[in-house]
Participant: 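Sharing a structure below in structure tokens format, with a few things to ask.
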Number of protein chains: 4
Amino acid sequence: MSTTAPTPLTTRREHPTKGDRTAAAILAAAEDLFAEKGYDGTTLRDVADRVGIRIPSLYNHFESKEALYGAVLERGLGPILELLSSVVAEARASEAPWPPEPRPIVEAMLAVLDARPQLPRLLLRETLAGGTRLSPELRDWIAPIFERAGEAAARGVDEARFGADQVTHLVLAIYHVVVGYYAIAPFYKQLGGHDLLSEEARERQARFVADLVENLFSPNTSR
Amino acid sequence: MSTTAPTPLTTRREHPTKGDRTAAAILAAAEDLFAEKGYDGTTLRDVADRVGIRIPSLYNHFESKEALYGAVLERGLGPILELLSSVVAEARASEAPWPPEPRPIVEAMLAVLDARPQLPRLLLRETLAGGTRLSPELRDWIAPIFERAGEAAARGVDEARFGADQVTHLVLAIYHVVVGYYAIAPFYKQLGGHDLLSEEARERQARFVADLVENLFSPNTSR
Amino acid sequence: MSTTAPTPLTTRREHPTKGDRTAAAILAAAEDLFAEKGYDGTTLRDVADRVGIRIPSLYNHFESKEALYGAVLERGLGPILELLSSVVAEARASEAPWPPEPRPIVEAMLAVLDARPQLPRLLLRETLAGGTRLSPELRDWIAPIFERAGEAAARGVDEARFGADQVTHLVLAIYHVVVGYYAIAPFYKQLGGHDLLSEEARERQARFVADLVENLFSPNTSR
Amino acid sequence: MSTTAPTPLTTRREHPTKGDRTAAAILAAAEDLFAEKGYDGTTLRDVADRVGIRIPSLYNHFESKEALYGAVLERGLGPILELLSSVVAEARASEAPWPPEPRPIVEAMLAVLDARPQLPRLLLRETLAGGTRLSPELRDWIAPIFERAGEAAARGVDEARFGADQVTHLVLAIYHVVVGYYAIAPFYKQLGGHDLLSEEARERQARFVADLVENLFSPNTSR
DNA sequence: GATGAATGAGGATTCATTCAT
DNA sequence: AATGAATGAATCCTCATTCAT
């Protein structure tokens with residue numbers, strides 16, 4: 001489903017070779033499958049079939065199923081974590097109440113996820129699994145985000161509404177509102193609901209999330 | 001090969017027999033394991049080991065792994081869905097703005113989940129899987145809940161804040177805030193955060209969710 | 001399918017007890033199943049289901065699956081072997097050309113098989129299996145039959161037609177013509193042919209076999 | 001899970017590859033075992049052991065146990081059915097009484113079976129099982145053979161001896177005489193008889209069958 | 001780089017059998 | 001005599017991985 005297929009992080013050449021293209025196709029297929037069926041529910045046969053190659057060929061590009069999964073996570077989660085890191089770091093550095101204007105941030109965030117709607121499911125699967133299969137690298141990246149998001153939020157939140165000890169809950173809530181939306185989309189549709197990933201629905205969600213965040217953080221004044 | 005189905009596998013007697021106790025133990029073990037590792041990640045060996053029996057004995061109580069999973073889901077999700085159904089139905093019947101007082105509802109909801117913190121993970125896993133393994137029975141139960149929750153919310157929501165077309169997003173958001181909290185707890189703890197399932201944390205979350213709901217639905221006045 | 005269910009050979013009481021009746025029902029069910037699906041293809045669950053009892057109850061009547069199979073064979077093959085033995089013994093004793101009048105013998109034979117059309121299949125299955133599961137008892141019974149049948153036939157056969165060294169082939173041929181007919185009946189019917197076990201068909205077969213035997217043994221005179 | 005079927009399992013190349021040789025060895029082993037012990041009595045372990053490979057390797061060549069059985073049947077029964085088909089078709093086309101000279105046909109038939117004495121047992125097992133595991137393909141092949149054999153025989157048979165309504169019985173009889181001989185051979189030997197598959201015995205049987213057929217069809221004249 | 005073949009480990013499930021009730 | 005529960009052994013089959021070509 002994902003359309004962009006950048007070169008894998010581990011090997012960067014000037015010209016994308018045929019091998020690079022295969023590797024990218026594998027990553028794309030694996031991302032979809034891991035998101036849809038989870039690590040244990042995805043077989044290398046599934047991946048190879050979707051790419052149109054045979055199983056052993058996968059090993060020319062990735063050392064193992066775990067390595068492939070790691071590569072998918074890294075490629076997928078990297079941009080998100082970078083975005084979050086920078087936002088959080090920025091907010092941390094500034095003295096202004098956080099966030100000065102939530103809309104751009106929310107929109108940047110959702111733009112990333114819109115381009116790769118599988119990532120939230122990947123993310124959620126990882127949190128459900130307790131980060132079991134997260135590389136130490138990725139884990140070290142994630143931990144401070146929550147931490148700093150908490151710090152930042154602590155300064156921005158309307159204390160009349162949420163106590164300082166509720167900041168963690170606030171951060172987690174926003175996280176779940178955002179990723180949960182994408183994760184539930186296929187199920188919701190299948191249940192008879194409309195397509196949450198349609199253009200309009202995603203715009204509505206963007207507005208909704210922005211409103212929500214703004215509403216939560218700002219003092220009691222409606223926009 | 002067999003044509004008659006000799007042993008009713010779900011009959012309950014007056015006195016809990018040895019078999020009933022074993023079945024209950026299997027269900028408990030399976031609930032934990034399915035929540036932690038997912039359907040594909042859980043083996044019948046895992047379940048049997050945790051119960052302290054041998055694998056074939058599982059088949060004296062459940063017809064198959066899928067049937068066991070179904071039983072876990074039904075037993076676990078039943079109370080939640082009933083609660084939601086009754087709340088939604090009630091709200092639907094009354095003319096008063098919904099909910100008249102969110103706190104009791106939120107507390108009832110969280111009380112159920114507190115007693116079985118695995119259920120949210122089970123739920124979330126199902127939504128991630130697109131309800132693939134949901135029995136038609138359970139699916140028919142879930143669909144109208146979202147639907148009616150939307151109707152009810154449509155009457156209660158502060159229209160100055162959220163448009164009518166955002167009600168679905170609102171309902172999903174609350175759902176994800178609630179279940180996501182439990183789902184991420186083990187990961188959060190492992191990442192160095194505190195225990196989200198501790199007494200205090202759960203109380204904070206209860207307050208937070210109640211505040212959030214109240215805040216979202218009531219007009220712009222803090223309590 | 002078989003309707004008569006005499007008491008098992010191992011226990012003969014005056015009044016058929018309830019247990020005896022169960023044992024008979026088990027034997028009847030097992031005879032059908034072993035004939036239809038063979039020893040390996042028949043499970044004790046199949047047998048128990050058909051009788052309407054639970055598997056462990058089978059063990060109140062038969063020591064093991066093998067013992068049950070043995071009992072079925074003994075009960076089923078006994079009458080046939082007795083008949084054959086007596087015929088052969090009789091022919092052996094007499095000096096007259098054998099058989100003086102084949103019709104009665106053929107008819108007696110077919111009467112037994114008509115009453116229990118499963119037996120030929122059981123028999124054929126055993127010969128296919130090389131008598132692997134035949135009790136030594138039964139095997140000792142069978143061996144001399146062929147032997148004596150050969151001797152007898154040797155005297156009766158039209159030597160102008162079949163050489164003495166072909167007597168074995170002759171005996172085997174008759175054996176296969178007879179038992180094969182019953183064995184192939186279900187398949188033949190299913191292939192679109194008519195029912196070989198119908199009254200008329202069986203009568204035709206009786207006539208055919210009698211003609212064949214007569215024809216083979218008698219000098220070149222048609223009936 | 002997989003959607004495409006990547007590896008054609010039955011393709012034949014010009015040079016027999018290693019895989020082809022393995023597949024042939026598997027077929028040979030399976031043919032013996034299925035003939036000796038039947039489908040249910042044969043385990044893939046048996047097959048693998050006889051070939052000298054491990055069980056999972058079987059799946060590189062055949063999709064399942066059933067598929068392997070089907071391949072054995074097709075490969076084994078194909079030549080027989082072809083022979084029968086051609087004989088029957090030929091007889092059907094000609095106007096001469098059938099068969100003009102039975103000996104060549106019987107000899108051709110027995111030559112095929114002599115080369116693969118397991119096939120008759122395979123055949124007989126199938127008829128005993130009611131063709132349960134016969135592929136529709138094979139079944140469609142078999143049905144018309146009996147049918148046409150009946151038609152052909154109807155023209156050739158000595159009507160003074162066998163009525164038209166006995167033709168089916170005649171055809172079945174010949175079939176059983178032929179295949180039964182091979183099927184019973186191991187048992188007969190084990191019972192103390194001589195080896196029915198020895199050179200001499202097979203020649204005797206060939207003569208016997210030819211005599212029998214000739215005798216049955218021709219008017220009352222010995223050869 | 002691609003793949004046919006092979007395989008150790010393991011997965012769900014069935015089966016015959018036992019035993020306490 | 002009947003059976004619910006338990007289980008060792010085995011069955012078919014899948015999976016990730018390796019290796020020679």
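We name chains A, B, ... by the order of the sequence lines, and we start the count at 1 in each one. Just so it is clear, the model here is predicted, and its values are computed rather than measured.
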Participant: Could you pull out all residues at least two apart from B/Tyr69 that satisfy side-chain hydrogen bond (donor to acceptor under 3.5 Å, both in side chains)?
Facilitator: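 Residues passing side-chain hydrogen bond (donor to acceptor under 3.5 Å, both in side chains) with B/Tyr69: B/Glu126.
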Participant: Which pairs would a plain distance check flag for residues 21-35 of chain D, meaning a side-chain donor or acceptor within less than 3.5 Å of a matching protein atom at least two apart in sequence or in another chain?
Facilitator:
residue : atom : partner  : partner atom : Å
D/Thr22 : OG1  : D/Lys18  : O            : 3.0
D/Glu31 : OE1  : D/Arg75  : NH2          : 3.1
D/Glu31 : OE1  : D/Arg116 : NH1          : 3.1
D/Asp32 : OD1  : D/Gln118 : NE2          : 3.2

Participant: Starting from P on E/dG4, measure out to CG on A/Leu44 and report it in whole angstrom.
Facilitator: 16 Å
Participant: Would you say a side-chain N or O of A/Thr22 is under 4.0 Å from OP1 or OP2 of E/dA2?
Facilitator: yes
Participant: Extract from the structure each pairing of a protein N or O with an N or O of nucleotides 19-21 of chain F at less than 3.5 Å, listing the distance.
Facilitator:
none

Participant: So what is the end-to-end bend of the helix from E/dA2-F/dT21 to E/dT21-F/dA2, with 5 pairs used at each end and the value given to 10 degrees?
Facilitator: 10°
Participant: Here's a test of your reading of the structure: between B/Lys18 and D/Arg45, which maps to the more 5' nucleotide of DNA chain F?
Facilitator: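 The residue closer to the strand's 5' end, by nearest nucleotide, is B/Lys18.
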Participant: D/Thr43 side chain: which of F/dT7, F/dC12, E/dG11 is closest?
Facilitator: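 The answer is F/dC12, which lies nearest to the side chain.
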Participant: For F/dG4, does OP1 or OP2 lie under 4.0 Å from any side-chain N or O of B/His61?
Facilitator: no
Participant: Nearest-Å distance, CD (B/Glu63) to P (F/dA5)?
Facilitator: 14 Å
Participant: Are side-chain heavy atoms of D/Arg125 and C/Arg125 found at a separation under 4.5 Å?
Facilitator: no
Participant: Are any non-hydrogen side-chain atoms of C/Pro186 and C/Glu36 less than 4.5 angstrom apart?
Facilitator: no
Participant: D/Ile53 near the nucleic acid: base, sugar-phosphate alone, or nothing, with a heavy-atom cut-off under 4.0 Å?
Facilitator: sugar-phosphate
Participant: Could you check C/Ile55 against D/Glu66 and say which one's nearest nucleotide on DNA chain F is further toward the 5' end?
Facilitator: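 By nearest-heavy-atom nucleotide position, the 5'-most residue is C/Ile55.
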Participant: Calculate the interatomic distance between B/Asp49 atom CG and E/dG11 atom C1'; express it in whole Å.
Facilitator: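 So the two atoms are 13 Å apart, to the nearest Å.
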Participant: Taking atom C1' of E/dC15 as reference, at what distance in whole Å does atom CG of C/Leu68 sit?
Facilitator: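 These atoms are roughly 15 Å apart.
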Participant: Pair B/Glu66, B/Tyr39 - check side-chain contact (heavy atoms from CB on, under 4.5 Å), show working.
Facilitator: CA-CA 9 Å; B/Glu66 281 215 23; B/Tyr39 182 83; 3.0 Å; yes
Participant: The side chain of C/Asn60 is closest to which nucleotide in this list: E/dA5, E/dG1, F/dT3?
Facilitator: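 Nucleotide nearest to C/Asn60's side chain: F/dT3.
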Participant: Distance check, rounded to the nearest 0.5 Å: C/Leu58 atom CG versus C/Ile55 atom CD1?
Facilitator: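 Interatomic distance, C/Leu58 CG to C/Ile55 CD1, rounded to 0.5 Å: 7.0 Å.
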Participant: Is there a side-chain contact between A/Lys65 and the phosphate of F/dA16, meaning an N or O under 4.0 Å from OP1 or OP2?
Facilitator: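 Yes.
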Participant: Could you give the CG-to-P distance, from D/Asp40 to E/dT14, as a whole number of Å?
Facilitator: 15 Å
Participant: Send over the distance from B/Arg21 CZ to F/dA6 P, rounded to a whole Å.
Facilitator: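 My rounded result for the distance is 10 Å.
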Participant: Apply the test side-chain contact (heavy atoms from CB on, under 4.5 Å) to residues C/Asp40 and C/Arg133: give CA-CA distance (whole Å), side-chain angles for both, the deciding distance (0.1 Å), then the verdict.
Facilitator: CA-CA 11 Å; C/Asp40 293 310; C/Arg133 253 177 285 272; 3.6 Å; yes
Participant: Using atom OH of B/Tyr59 as one end and atom P of F/dA9 as the other, report the distance to the nearest whole Å.
Facilitator: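 Distance check: B/Tyr59 OH to F/dA9 P gives 19 Å.
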Participant: How long is the line joining CG of D/Leu58 and C1' of F/dT11, in whole Å?
Facilitator: 13 Å
Participant: Under 3.5 Å, side-chain donor or acceptor atoms of residues 45-54 of chain B against the rest of the protein: list the pairs with distances, not counting sequence neighbours.
Facilitator:
residue : atom : partner : partner atom : Å
B/Asp46 : OD1  : B/Thr43 : OG1          : 3.4
B/Asp46 : OD2  : B/Lys37 : NZ           : 3.3
B/Asp46 : OD2  : B/Thr43 : N            : 3.1
B/Asp46 : OD2  : B/Thr43 : OG1          : 3.3

Participant: Distance from A/Leu77 atom CG to A/Leu123 atom CG, nearest 0.5 Å?
Facilitator: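 Here the rounded value is 4.5 Å.
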Participant: Under 4.0 Å between a side-chain N or O of C/Arg54 and OP1 or OP2 of F/dG4?
Facilitator: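 Yes, C/Arg54 has a side-chain N/O under 4.0 Å of OP1/OP2 on F/dG4.
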Participant: Check salt bridge (Lys or Arg N to Asp or Glu O under 4.0 Å) between C/Arg139 and all other residues, then give those that pass, not counting sequence neighbours.
Facilitator: none
Participant: Base, sugar-phosphate, or nothing for A/Ser57, non-hydrogen atoms under 4.0 angstrom?
Facilitator: base
